[in-house]
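Okay, so here's the structure we're looking at.
As the structure is a prediction and not an experimental result, all values here were calculated from the model. The chain is numbered in sequence order, starting from 1.
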Amino acid sequence: MNKFQLTVLIAAVANLALMLVFPPFNSQSLLRAGPASFDAFYPAFDAPINATLNSGLLYLEIFFVLVNAVLAWLLLQGAPQEPSRPRVRWQSVLQWLVIANLLLILLFPPFETQPDRAFEGFRFALSGSVQRGIFLPFLFLELFLLALDSAVLWLAFGVVARSDGASDAGFSGEPGSFAEESAEPAPDRSQIGRSDRDRREGPDPHFGGPERRSGIERRKRS
């Protein structure tokens, strides 16, 4: 398990904890007879007395969190050569998951019954009728949670990627810097013989024979 998969695991556990702390509840209206309908999300430790847990909606929320976590886990698996680096870029994985969830939310929005405006369930967007309308508070809540999760995961993945890059750069930079500090500059052997400046300064100490004549001496003797 690499650091990206660990981040996905932490995000999934945080979402599941949030859902269990604030589960959905049903309530029975005193003005109309019939089964209980969705009311709101209450704290699990401070729910109204007449509220009952909406287990179906809670199971659906948990199911989608687990599906997203499993998909992200599989896509962020590391290569056999480099287990710490995912095969697919984390930016691409997050973008694909956000687009898939956004399409799913828009294709299957929450509907409400008319005229009492009670939450009925999730239906296909093109199957609405006169008696049904989109339950906007629930839809806005889904979009808000999706945007919040995406922003938090983007920041978390960025921190993980920068920390891995910094550790790799530091590990690979230590031997190089040590070698550069300990290495001595090699003598320049590209030039053979003495330069004009060396001739002007004096005779070559490595040459024991007579010094070569200059151009003026050649012209005088010729």
Quick check: closest heavy atoms across [X] and [Y], and the distance to 0.1 Å?
X: L153; Y: A11; answer: CD2-CB, 3.6 Å
X: V98; Y: L146; answer: O-CD2, 4.2 Å
X: S150; Y: L94; answer: O-CD2, 3.8 Å
X: N2; Y: Q77; answer: ND2-C, 4.1 Å
X: L76; Y: P86; answer: O-CB, 3.4 Å

Working to the nearest 0.5 angstrom, can you tell me the gap between [X] [atom1] and [Y] [atom2]?
X: L102; Y: L97; atom1: CG; atom2: CG; value: 12.5 Å
X: L75; Y: R89; atom1: CG; atom2: CZ; value: 13.5 Å
X: L143; Y: L136; atom1: CG; atom2: CG; value: 10.5 Å

### Message
Measuring centre to centre across the rings, with the benzene-like ring taken for any Trp, is F157 within less than 6.0 Å of F4?
### Response
yes
Is the shortest heavy-atom distance from the side chain of [X] to the side chain of [Y] under 4.5 Å?
X: F22; Y: Y42; answer: no
X: Q95; Y: W154; answer: yes
X: P109; Y: R123; answer: no
X: L71; Y: V93; answer: no

### Task
Please list, chain by chain and in numerical order, all residues satisfying ring-ring contact (aromatic ring centres under 6.0 Å, His included) with F119, sequence neighbours excluded.
F38, F122, F135, F138
### Partner set under ring-ring contact (aromatic ring centres under 6.0 Å, His included) for W73, not counting sequence neighbours
none
Assigning hydrophobic clusters by single linkage (Ile, Leu, Val, Met, Phe, Trp, Tyr; side-chain heavy-atom cutoff under 4.5 Å), is [X] placed with [Y]?
X: F108; Y: L103; result: no
X: V8; Y: L16; result: no
X: I134; Y: F140; result: yes
X: W90; Y: L148; result: yes
X: V159; Y: I10; result: no

What side-chain donor-acceptor pairs closer than 3.5 Å can you find for residues 45-68, not counting sequence neighbours?
unit_1 : atom_1 : unit_2 : atom_2 : d
N54    : OD1    : L57    : N      : 3.2
N54    : ND2    : N26    : OD1    : 2.9
N68    : OD1    : N101   : ND2    : 2.6
N68    : ND2    : F64    : O      : 2.7
N68    : ND2    : N101   : OD1    : 3.2

